[in-house]
Amino acid sequence: MASLVSFMDWNEETLIDYLKSKDINHESLEKLKGKCSTGKKFVISCDSWEKLQILGISRQDDVEKIVKAIQELRRNYVIGTSKIFQDPIHGTIELHPLLVSIIDTPQFQRLRDIKQLGGVYYVYPGASHNRFEHSIGVCYIAGEFIESLQYRQPELEINDCDVLCIKIAALCHDIGHGPFSHLFQDLFIPNFCKTKWKHEECSFKLLEHLVKQNDLEDTFKLYGLEWETNKTVIKELMMGVQVGQTYDEKKYFLYEIVANHDYNVDVDKMDYLARDCHGLGIEMKFCWKRYIKFARVIKAKDGKHHICLREKMFREVYELFHIRDTLFRNAYQHKTKRAVEIMICDALVKANDKIFIRGEKGKQKKMSEAINDMYAFTNLTDSVIGRIRSTPSEELEESQKLLERAEKRKLYKFIGHTKSKPQKV
């Protein structure tokens, strides 16, 4: 018998021999002949009762045996083709091959060139980490979390599809960030866009583009997902918002893992706070592994099932928000960081009509237009600053001088601040 890990390359003869070993009726095997030329095609075409009926296989015991055989093939293939990543925060990370297929695309790899903390790097030399490693870290914690709930509470009926959708949502939740992360969203884009643009929505648009451009629909099917069917679920999990009746109230807790809008404790914060503290040299006392061990899903008064904690965990949760407050005060809203980012933003705004990015069908797009063209957005990263610096053009002189001032620490001066009066809504 050939190795189960290499089943995608099996020919029909090897496939039939494998199914014979599962005591499948000869008549059913004959109906499969000529319809499943490779192992990959077999798994995609025969993984449900409906698909097998179309092929003419109606014996219930044979259908159950074939579906079980496919599950075995998938399981062994995942084990044999998963990839190992070495992360400075979480150590050794093993990721599902479908996740690796998403990572190994230009749309995801662009995150290597987008600073997690934008202008904070100009204040803290250790804040050099990128969105790339953060996304992998969030995916890892999300996987640990959902698999822990799946093991500890089987009554929740968390299936493999739920687990994989959560991991994909976690992995891709930030791929829609532009240059220098929040600088692009909060400072640059408002100069050109009347409606509020959010990177979360762009993340899903880019994920759709990623799947289409890299022909990943069949890869999704190989692992039991249908992109067109599951993409709405993945979008909702990325956004943390239930749009339709995708999940019933019993599985509402799935929306609280990646982006928790109910009480703001989610795996995104668990990773970026730990990663930012590591880069900034600040101690992080919150332990996400302990949080996961004590987390349980319970039906609340609103009828929905929420992720809950024992009362004794309140100090750990307090520490999560305490360290977030510390980082906001000492790093995220640091006055020098703010000055640098405003200067970089001004440089980008002045260069917007002079720097162009290749978009769909080779069309030239401004930076501000890239948010509506995922071909152009794929090529828009922090590297745009290098293009502005190195382009010999008088039109870019103002932008170049601003960037030079930022590097020489000749920053905008902080004059003062004022509090606006509360307005009635």
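Along the sequence shown, residues are numbered consecutively beginning with 1. Below, each value reflects all heavy atoms present in this structure, side chains not excepted, and no hydrogens, waters or symmetry copies.
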Could you tell me whether [X] and [Y] have a side-chain N and a carboxylate O separated by less than 4.0 Å?
X	Y	value
Glu228	Lys231	yes
Lys205	Glu200	no
Arg290	Glu316	yes

Does the cation-pi check pass for Lys115 over Phe180, that is, NZ or CZ under 6.0 Å from the six-membered ring centre and within 45° of its axis? no
Is the Lys NZ or Arg CZ of Arg112 less than 6.0 Å from the centre of Phe132's six-membered ring, within 45° of the axis? yes
Flag if over 12 foreign heavy atoms under 6.0 Å of [atom1], [X]:
X	atom1	result
Lys401	NZ	no
Arg315	CZ	no
Glu319	CD	yes

Nearest non-hydrogen partners of [X] and [Y], listed with the distance:
X	Y	answer
Leu98	His96	N-ND1, 2.9 Å
Ala142	Ala170	CB-CB, 3.6 Å
Gly178	Ile114	O-CG2, 3.5 Å

Ring centroid separation His129 to His278 under 6.0 Å: no
Any chance the side chains of Asp276 and His134 put a donor and an acceptor closer than 3.5 Å? no
